[in-house]
Asks: 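Below is a structure I'd like to ask you about.
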Amino acid sequence: QVQLVESGGGLVQAGGSLRLSCAASGRTFTRYSMGWFRQAPGKERDFVAAISRGGADTKYVDSVKGRFTISRDNAKNLVYLQMNSLKPEDTAAYYCAAANTLFPLVRGEGYDYWGQGTQVTVSS
């Protein structure tokens, strides 16, 4: 069992930055690849970024490439999403997820555990 708790969301102006954190419980963090997803009101949950168990392999949705960076600290059971040059269309609830796989996953169906989410609002 893995419990995930996100933090770091908030209100920011367009062009600003935020760093989301996801804290994972348990001693098996390194068994899981990790992902970030987001869901805007009235829309489906979308993939944002994912990182492999060791952190060497990452994937991003095209709309955030060059602006967002996913990373992890396995010693601290943390995964981060650094978000720069934020746009109003980035406004959503952001969710951290864990998948018992080696490689980063794009499909949400492949994830085993999910956090409760943290809200990011970008004003124009």
Side-chain angles (χ1 to χ4, degrees):
Q1 188 79 10
V2 176
Q3 292 184 328
L4 304 172
V5 179
E6 303 94 336
S7 62
L11 174 64
V12 63
Q13 290 188 332
S17 297
L18 283 174
R19 188 177 80 159
L20 305 183
S21 299
C22 174
S25 66
R27 295 178 287 181
T28 59
F29 183 63
T30 53
R31 293 182 184 178
Y32 296 90
S33 64
M34 301 296 294
W36 286 97
F37 290 76
R38 64 187 178 186
Q39 187 169 20
K43 296 188 177 181
E44 294 185 351
R45 182 184 62 200
D46 291 329
F47 170 77
V48 176
I51 189 166
S52 59
R53 290 177 180 176
D57 191 9
T58 58
K59 292 187 182 294
Y60 297 92
V61 66
D62 285 347
S63 61
V64 308
K65 286 180 180 178
R67 300 190 298 123
F68 290 12
T69 302
I70 188 171
S71 62
R72 64 189 295 163
D73 185 336
N74 285 343
K76 297 181 178 179
N77 284 16
L78 290 168
V79 61
Y80 303 103
L81 186 67
Q82 178 67 43
M83 306 186 295
N84 298 329
S85 302
L86 282 161
K87 304 175 181 180
E89 51 264 43
D90 295 318
T91 295
Y94 282 71
Y95 298 90
C96 173
N100 192 358
T101 63
L102 176 60
F103 298 107
L105 292 180
V106 173
R107 293 174 57 250
E109 292 80 1
Y111 285 82
D112 303 293
Y113 302 101
W114 293 83
Q116 294 298 308
T118 186
Q119 179 66 36
V120 172
T121 303
V122 184
S123 62
S124 58

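Keep in mind that what you see is a predicted model, and the values were worked out from it rather than measured.
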Asks: When you look at CD of Gln116, are more than 12 heavy atoms from neighbouring residues, nucleotides or ligands closer to it than 6.0 Å?
Replies: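 Not buried by this count: 12 neighbours or fewer within 6.0 Å.
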
Asks: Any link between Tyr80 and Leu105 through a network of hydrophobic side chains (Ile, Leu, Val, Met, Phe, Trp, Tyr) touching at under 4.5 Å?
Replies: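 No, because Tyr80 and Leu105 fall into different hydrophobic clusters, even though each may have its own neighbours under 4.5 Å.
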
Asks: So, using side chain to side chain donor-acceptor pair (under 3.5 Å) as the criterion, who are the partners of Thr101 when residues are at least two apart?
Replies: Ser33

Asks: Give the C-alpha distance, both sets of side-chain angles, the deciding distance and a yes or no for side-chain contact (heavy atoms from CB on, under 4.5 Å) between Val61 and Asp46.
Replies: CA-CA 9 Å; Val61 66; Asp46 291 329; over 6 Å; no

Asks: Any idea which heavy atoms bring Ala14 and Ser124 closest together, and the distance?
Replies: CB-CA, 4.3 Å

Asks: So among Ile70, Thr69, Asp57, which one has a side-chain contact (heavy atoms from CB on, under 4.5 Å) with Ile51?
Replies: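 Testing Ile51 for a side-chain contact (heavy atoms from CB on, under 4.5 Å) against Ile70, Thr69, Asp57 leaves exactly one candidate, Ile70.
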
Asks: Group every Ile, Leu, Val, Met, Phe, Trp and Tyr by side-chain heavy-atom contacts under 4.5 Å, then state whether Val2 and Tyr111 land in the same group.
Replies: yes

Asks: Taking Glu6 for its side chain and Cys96 for its backbone only, find out whether a donor-acceptor pair lies under 3.5 Å.
Replies: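 Confirmed, Glu6 side chain pairs with Cys96 backbone.
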
Asks: Between OG of Ser71 and CE of Met34, what distance do you get to the nearest 0.5 Å?
Replies: 11.5 Å

Asks: With a 4.5 Å cut-off on side-chain heavy-atom distances among I, L, V, M, F, W and Y, is there a chain of contacts connecting Val106 to Val64?
Replies: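 Yes, because Val106 and Val64 connect within a single hydrophobic cluster, where side-chain heavy atoms sit under 4.5 Å apart.
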
Asks: OH/Tyr60 to CG/Leu81 distance, rounded to the nearest 0.5 angstrom?
Replies: 7.5 Å

Asks: My understanding is that only residues two or more places apart in sequence, or in another chain, count here; which of them pass salt bridge (charged side-chain N to carboxylate O under 4.0 Å, His left out) with Arg67?
Replies: Asp90

Asks: Determine, using the 4.5 Å side-chain heavy-atom cutoff (strictly less than), whether Trp114 and Phe29 are members of one ILVMFWY cluster.
Replies: yes

Asks: Please give the remaining members of the hydrophobic cluster of Leu11, linking ILVMFWY side chains under 4.5 Å, ordered by chain and number.
Replies: none

Asks: I need the Ser63 OG to Lys87 NZ distance, nearest 0.5 Å.
Replies: 8.0 Å

Asks: Name all residues meeting the side chain to side chain contact (heavy atoms under 4.5 Å, CB included) criterion together with Thr30; count only those two or more places apart in sequence or in a different chain, and write none if there are none.
Replies: Asn74

Asks: In the structure I gave you, are the side-chain heavy atoms of Tyr95 and Val48 within less than 4.5 Å of one another anywhere?
Replies: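 When only atoms from C-beta onward are counted, Val48 and Tyr95 do not touch, as no gap falls below 4.5 Å.
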
Asks: Spell out, as yes or no, whether a donor-acceptor pair under 3.5 Å connects the side chain of Thr91 to the backbone of Val122.
Replies: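 Answer holds: yes.
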
Asks: For residues Val120 and Arg38, determine if any side-chain heavy atom of one lies less than 4.5 Å from a side-chain heavy atom of the other.
Replies: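 The answer is no, as the side chains (C-beta and beyond) never meet within the 4.5 Å cut-off.
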
Asks: Under 4.5 Å side-chain heavy-atom separation, chaining through any Ile, Leu, Val, Met, Phe, Trp or Tyr, what else clusters with Val5? Say none if it is isolated.
Replies: none

Asks: Just checking Trp36 against Phe68, ring centres under 6.0 Å apart?
Replies: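 Trp36 vs Phe68: aromatic centres not under 6.0 Å.
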
Asks: To check you understand the geometry: which heavy-atom pair defines the closest contact between Leu4 and Ala24, and what is its length?
Replies: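 Closest heavy-atom pair between Leu4 and Ala24: CD2-CB, 3.7 Å.
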
Asks: CZ of Phe47 to NZ of Lys59: how many Å apart, nearest 0.5 Å?
Replies: 8.0 Å

Asks: Got a second to check how far Gln39's CD is from Tyr94's OH, nearest 0.5 Å?
Replies: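 Interatomic distance, Gln39 CD to Tyr94 OH, rounded to 0.5 Å: 12.0 Å.
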
Asks: Are Tyr113 and Asn100 close enough, and set up right, to give a side-chain contact (heavy atoms from CB on, under 4.5 Å), and what steps lead you there?
Replies: CA-CA 9 Å; Tyr113 302 101; Asn100 192 358; over 6 Å; no

Asks: Please enumerate all residues that pass salt bridge (charged side-chain N to carboxylate O under 4.0 Å, His left out) together with Lys65, with sequence neighbours excluded.
Replies: Asp62

Asks: Just how far is it from atom OG of Ser52 to atom CZ of Arg72, taken to the nearest 0.5 Å?
Replies: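 Interatomic distance, Ser52 OG to Arg72 CZ, rounded to 0.5 Å: 7.0 Å.
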
Asks: Atom CD of residue position Gln3 - does it have more than 12 heavy atoms of other residues, nucleotides or ligands inside 6.0 Å?
Replies: no

